[in-house]
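The sequence lines fix the lettering, A, B, ..., with proteins before strands; numbering per chain opens at 1. Computed over heavy atoms, backbone and side chain alike; hydrogens, waters and symmetry mates excluded.
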Amino acid sequence: NAGVTQTPKFQVLKTGQSMTLQCAQDMNHNSMYWYRQDPGMGLRLIYYSASEGTTDKGEVPNGYNVSRLNKREFSLRLESAAPSQTSVYFCASSDMYGYTFGSGTRLTVV
Amino acid sequence: ILNVEQSPQSLHVQEGDSTNFTCSFPSSNFYALHWYRWETAKSPEALFVMTLNGDEKKKGRISATLNTKEGYSYLYIKGSQPEDSATYLCAFALQGAQKLVFGQGTRLTINP
């Protein structure tokens, strides 16, 4: 099925551990995004990539890095996880008709 | 910092009633206004993308209007059904910007 695929769906990390969230889209979209969703905060943009080879910071980039590996894939890396990064993470890609979101990754940092 | 505000934050409506809620956004350098429907434990789904002042969009019982001069959009649901229960997000795009700024959403609950 066409869409945005995110892995993993759930993850528990210990403080200081690192991990990479993977995202891939098969809709040939140029733009891709990583958001986090916290209670009462709505969706906040972490990083985005307007096209292959470019990445830019969003509203809350601290503690994260991203890689636009190719047109399809956009990964988010937590180098040293902190409890404040406990959240639900959504990847998205977009065209003129709007954003298509992945199913989310629920990350808990203990 | 751009601010997109949605009101009310939450809303309870009886099945069969019609309802509407508001999204307010900056009126300068407008490019597009998006509406998304977000069911619990799922990911947001696009409802409408509106770009022109006076735009009206409709999908089934759901419709939306846009006023870019005064910076607001309304989402209407006619004859609410239990399956309409969700959070409705609006998001604003500036001219030249690649990214959307999301409001915090209106959480709609339809009471049977």
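Crowding of Arg44(A) atom CZ: a count of heavy atoms from other residues, nucleotides or ligands under 6.0 Å exceeding 12. Other residues, nucleotides and ligands place more than 12 heavy atoms under 6.0 Å from the NZ atom of Lys71(A). Under a cut-off of 6.0 angstrom, the local environment of CZ in Arg107(B) is sparse, with at most 12 non-hydrogen atoms contributed by other residues, nucleotides or ligands. Within a 6.0 Å sphere centred on CD of Glu45(B), other residues, nucleotides and ligands contribute 12 heavy atoms or fewer. Within 6.0 Å of the CD atom in Glu79(A), the count of heavy atoms belonging to other residues, nucleotides or ligands exceeds 12. By the 6.0 Å contact criterion, CD on Gln81(B) is enclosed, its count of non-hydrogen atoms from other residues, nucleotides or ligands being greater than 12.
The contact between Leu43(A) and chain B is made by backbone and side chain atoms together, counting heavy-atom distances below 4.5 Å. When heavy atoms are compared at a cutoff of 4.5 Å, Tyr36(B) approaches chain A solely by way of its side chain, counted from C-beta outward. Looking at Leu47(B), there are no atoms closer than 4.5 Å to chain A (heavy atoms on both sides), in backbone or side chain.
Shortest non-hydrogen contact noted between Gly102(A) and Ser43(B) is O-CB, 2.8 Å.
Here the rule is ring-ring contact (aromatic ring centres under 6.0 Å, His included) with Trp38(B), and of Tyr99(A), Phe101(A), Phe90(A) only Phe90(A) fits it.
Taking Val101(B), Val49(B), Thr87(B) one by one and counting their heavy-atom pairs under 4.5 Å with chain A, the maximum is reached by Val49(B).
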* To do: Evaluate side chain to side chain contact (heavy atoms under 4.5 Å, CB included) for Tyr35(A) paired with Leu100(B), printing each intermediate quantity in order.
  => CA-CA 11 Å; Tyr35(A) 284 88; Leu100(B) 292 178; 4.1 Å; yes
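To the nearest 0.5 Å, atoms OG (Ser49(A)) and NZ (Lys99(B)) are separated by 13.0 Å.
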